[in-house]
Amino acid sequence: MVNWTKITDATRHYLKQVFQSDDLILSYTDSHTPGMMTPVVIRKAEDIDSIILNPICTQNLAVYLSEFFQNDIQTGKPVKGKWYITVKPCDVRSVIQMMADEQILKEHIELIVFDCDGTVTNKNLKELFKSEIRKVDFNDHQAKAETLLNEELTADLSGLYQVKCSDREICSIPAVNEFTFIGERERFEFSGTAKNTAIIQDTLTQEECFEKVSAELSKCIRCNACRNICPACFCSDRCVMDKPKLSVPYITKEITLDQIFQYHLIRFYHVAPNCTACGECERICPQGISLSIFYKYLHRMNKHLFGDESGSSDSDRQKLLSYRFGEDLV
Amino acid sequence: MASNELVFLFLCKSLKRKRLIKIIENDFPSIKVIDIPCIGRFNPILAFKMITAGAKGVLLLGCDPGDCHYREGNLISERRIAVAKETLHAFGIQESRLQAIWYNPGKDKQILHDIKKFLLDIASLPVINLKTTQKKEG
Amino acid sequence: MDTNRIYKKDMVQVFSALKKLNISVIGQGFDEKQRLVFKKVSSFQELALDEITPLQPVKSFLFPPTEKVFSYAKQDEKYQITPETSPESSEKKVLFGLRPCDVHAIEYLKKFYDGHFPDQPILRYLENTIIIGIACEHPSNACFCTTMDISPISSTGADVFLTPTENFFVIEFLTEKGKSLQSAFSEVLKSSEATDVQWKQNIETETSKKLLEKIEINSIKGQINKAYDKPLWKKYSDVCVACGGCTFDCPTCTCFDMRDVMESKKTGYRYRAWDSCSFASFTLHASGHNPRNTKMDRLRQRIMHKYHYTVTNMQTWSCTGCGRCVRVCPVGINTRSILKDIKEALHE
Amino acid sequence: MSNQPNHYLPSFGKILEINQENTLIKSFVVSAPDSMQTAQVVPGQFFQLSALGYGEVPISISEIDYNKKTLLFCIANTGAITAKIHEMQPGDEIGIRGPYGNGFPIAALKGKNIVVVAGGIGLVPLRSIIHYSLMNQGYFNYMEVLFGAKSTADFIYREEIKQWRLKPDTTIKVTIDNPEKDWNGNVGFVTNFLQDKCPDHSEVLYNIDPSFKNTVVLVVGPPVMYKNVFKALEKIEFPDKQVFLSLENHMKCGIGKCGHCNCGEKYVCLDGPIFSWLEMKSLPKEY
């Protein structure tokens, strides 16, 4: 059980102690959108009090890191100060994988991991309350909401957590990096109910699987949202999907089924070796495509093929980019 | 040969190609041979594009590990192909459609035998032509 | 204005009459995965009018996400161009039960794609579309239509307007196009009672209770560009991931990209597809220079375009306050708060 | 509504002649399609040229022959589409849509002194106005062309420049950025000509019309160049409404629908590509 008020206070307290000018904090604050938090970049000590942590802190903050570093490369200024990033246990791997892929400098990053029982998206909340809400507060597993007509509703959150929160492995923090843990427990342990969601590639025959995939993907509108939120997709504007200079492009911008397949095949092939199954692509998809059917399989494949999980070491580059002569192939 | 039976074969330049290409084109009319400098230069994105647009399969012919003219081209591509095959599998597409075979140059008989085996492998698979498949409404 | 009543139980007949007239009906309903979408419906039961408006706007039925512009073939060194007209564009259709915000969005699309160089393919879609609006009873928690001067009972732009009550709709035929539908309704139209005028008012009072507080931005209409250099943009662009969701789900976003596809040496086609000003490649020059180089520039462009540029060019906001950008934003950037911040910044 | 013409369909012109201007740039003489009313084409306007199968690019017109109904385009090989256009041969068909944009305010320029400031390939759209002055003797009072290029290899229109020099009431000044061995002309940026301290400074601005009352400056070039030109003009307090510039934003449709060229309240393809400096000051700095 997590007491969110205590966690928020403890985080603020800790950050106030360590924060110096030139430092930067990535954390969460209120977004004024009911049921949704917004990431915030804090550059001044007095803004630390705006930090709020709760189970709707769904965003994976790792995605911002590479961009801020890129900006610094652009301006040519060295990275000043320390970067404090408050992350959920599941997002730790994304940060570590980015360190391994040399997207960010590890000596500048300090991870602050806060305790978590699972996160809920605003979609989950809508299912829970079955009505539009104006405001929502959390404590332990309890959510207290106000509807648009100012009626009060309370509900239990357990069992409603995101799909990715049912996977115990994603939550465990790899023991490679130093971090500060904030929570009442000594160390993080997964306490949610692990639903063993089966992977369709195992349960269905290949034909059925293809059917299902086609049905899911036919909803795609090629908005590129899944690419842009993905912490493993750090090519930013050098992405193969919008290379204008290729005379015969690998992919067009059409929203036809073949191009949609091509888009997702390329994307998942590219992120397969460093996908940490953070689930952001699925959460963000405006069309509600369950992309977990791909990343779950590829995440597991990574383990089978290359022996270790992505995001478990901050020094091994992703396997497709790091072949050394004499190494085992797969 | 009808285009729905199309199979693409990517060939490493270092293999004695001229004679080999002639034999392959003679024996297997459904195969379209494309030669590239090194299999390490092969981008699996191309294979995705071909397979989803109606090609039955994509076969890569490269040099034996260690024999590569560019030292480690074929080794890098072996990893890529492994990931690409899994990616295809994740999407419900048969991974046997993408295969790589490694050879010493000169062992033509072995090559032809393995190409036959590859064609047999994918013979029963349906053609996926998403270009003509209509997208559902919604 | 002539008003009539039409009972919900009689809608079955209306739908079969529309079918006889070869008019397809598009409305909000649930798809096979229980997602709320706009889709083709064949019966009144399929409609889910008691839900909030779907996230994906109805624009995709009028301005398809991808559409071929023309196909070409080369013969004896000469090009043959065949314009592609999709059969859907000339199909007569009814958009059933659009909220006032979505009706206004279509009004805006009509105005935008017309003009000095009319966009003929899209106008053909719009020409064959009849809009049946409905008074909005179910706002979402992101809606801010009143801020954009649209009342939840506004019927401007609709051809036919419905006011829902428990058992029946109060129906008004507003335009010539709408009156052309009258024959489909004629058998089941019942005369209305004097009290029926009241229903609309009731809905307005009920809905405004549910709506979030209105931001008075009329006082800064036409002056929003003065906030161009204010620091507020940084706050939002810092966290924006430039996913483009807000533009793809916006009912009034009009930008598109045109590209060619070569199918064989001699044939191919040109298509257009939705594009978004949130992407860096949107303005990138061939030389490598990018006029809107930072995420901040691009976020500001979206807001400025909606709340300032169209106000000077077309005397209207190109935002209807439908709240889709707020609902879709994965990092919780709230357009309403941006407006609030702009207002504060201007009053400093 | 739907009986209106579909503006997205290109017509076809025939390439009559191709000249290699320099390593990067080729000029194409294209016969105008029958449906096009060439008489209405104004210098400064642009056309959408397509290499079918590859795409479409906006290209400024650099010369209009009203009698022969031919158009001259100068195209730099910078991307996939322009590369394809460069591969075309005389006799090939090329897709054309246009003319689009406002063009130079020719009527307002009558009897004025014209200072043309061009950087590199920026001479292309300005050539149309220089050509206009050749065809209409005495339309402008005096014409001065200030041209800056990176090196002598980047020069275009070598033959034409020789002809322009022969014309009365015309000065041509050329400069290159980097000193070269056989070059004994000016070295430095084109903005130098606008400064008083430059020994070879602008004829019009300093001798013919120092009050700037009857002078118009036309600028085309890359963003860095025109921003510097503005700075130089600001220093000598040149009136902003007498400066015109051609913007080159990314464009797809050319008719104000696709939104790519949107800059502030203006659409470069509809309200531009020619803007006065005064107008540009009111636009956000997104060009």
Can you run down the salt bridge (charged side-chain N to carboxylate O under 4.0 Å, His left out) pairs that involve residues 73-96 of chain D, sequence neighbours left out, and say none if there aren't any?
K78(C)-E93(D), K84(D)-E87(D)
In terms of heavy-atom proximity below 4.5 Å to chain D, should [X] be classed as side chain, backbone, both, or neither?
X       : value
M304(C) : neither
Y125(C) : neither
T283(C) : both
D275(C) : side chain

Taking all heavy atoms of [X] and all of [Y], pick out the closest pair and write down the distance.
X       : Y       : result
Y8(D)   : F70(C)  : O-CE2, 3.7 Å
G53(D)  : Y72(C)  : CA-OH, 3.1 Å
D257(C) : K252(D) : OD1-CE, 2.7 Å
Y113(C) : K257(D) : O-CE, 3.3 Å
P10(D)  : R270(C) : CG-NH1, 4.5 Å
D260(C) : G55(D)  : OD2-N, 3.2 Å

Only pairs of heavy atoms separated by less than 4.5 Å count here; which of [options] has the most with chain C?
options                   : result
C258(D), C253(D), P223(D) : C258(D)
E248(D), E265(D), H250(D) : E265(D)
L52(D), L9(D), N6(D)      : L52(D)

Proximal component of [X], with respect to chain C [non-hydrogen, under 4.5 Å]:
X       : answer
S11(D)  : neither
A76(D)  : neither
L270(D) : side chain

Mark yes when over 12 heavy atoms from residues, nucleotides or ligands other than [X] sit less than 6.0 Å from its [atom1]; otherwise mark no.
X       : atom1 : answer
K226(C) : NZ    : no
K281(D) : NZ    : yes
K68(D)  : NZ    : no
E91(C)  : CD    : yes
K150(D) : NZ    : no
Q37(D)  : CD    : no

Can you tell me how the ring of F12(D) sits relative to the ring of Y79(C), calling it parallel under 30°, perpendicular over 60° and tilted otherwise?
parallel
Should the ring pair H260(D) and F282(C) be called parallel, tilted or perpendicular, given that the plane angle runs from 0 to 90° and is split at 30 and 60?
parallel
Show the atom names and distances, to 0.1 Å, of all donor-acceptor pairs under 3.5 Å that link a side chain in residues 16-32 of chain D to residues at least two apart or in another chain.
| from | atom 1 | to | atom 2 | distance (Å) |
| --- | --- | --- | --- | --- |
| E17(D) | OE2 | N19(D) | ND2 | 3.4 |
| Q20(D) | NE2 | N22(D) | O | 2.9 |
| E21(D) | OE1 | Y157(D) | N | 2.9 |
| E21(D) | OE2 | S27(D) | OG | 3.0 |
| N22(D) | OD1 | L24(D) | N | 2.8 |
| N22(D) | OD1 | I25(D) | N | 2.9 |
| N22(D) | ND2 | D154(D) | O | 3.2 |
| N22(D) | ND2 | F155(D) | O | 3.4 |
| K26(D) | NZ | H86(D) | O | 2.8 |
| S31(D) | OG | K14(D) | N | 3.2 |

Output for pair (R292(C) CZ, K285(D) NZ), nearest 0.5 Å, gives 14.0 Å
Would V224(D) and H289(C) satisfy side chain to side chain contact (heavy atoms under 4.5 Å, CB included), going step by step from the backbone distance to the final call?
CA-CA 10 Å; V224(D) 196; H289(C) 169 71; over 6 Å; no
Which one of R272(C), H116(C), E263(C), K74(C) has the most heavy-atom pairs closer than 4.5 Å to chain D?
R272(C)
For each of C255(C), P83(C), G268(C), tally heavy-atom pairs with chain D at distances under 4.5 Å, and name the one with the top tally.
C255(C)
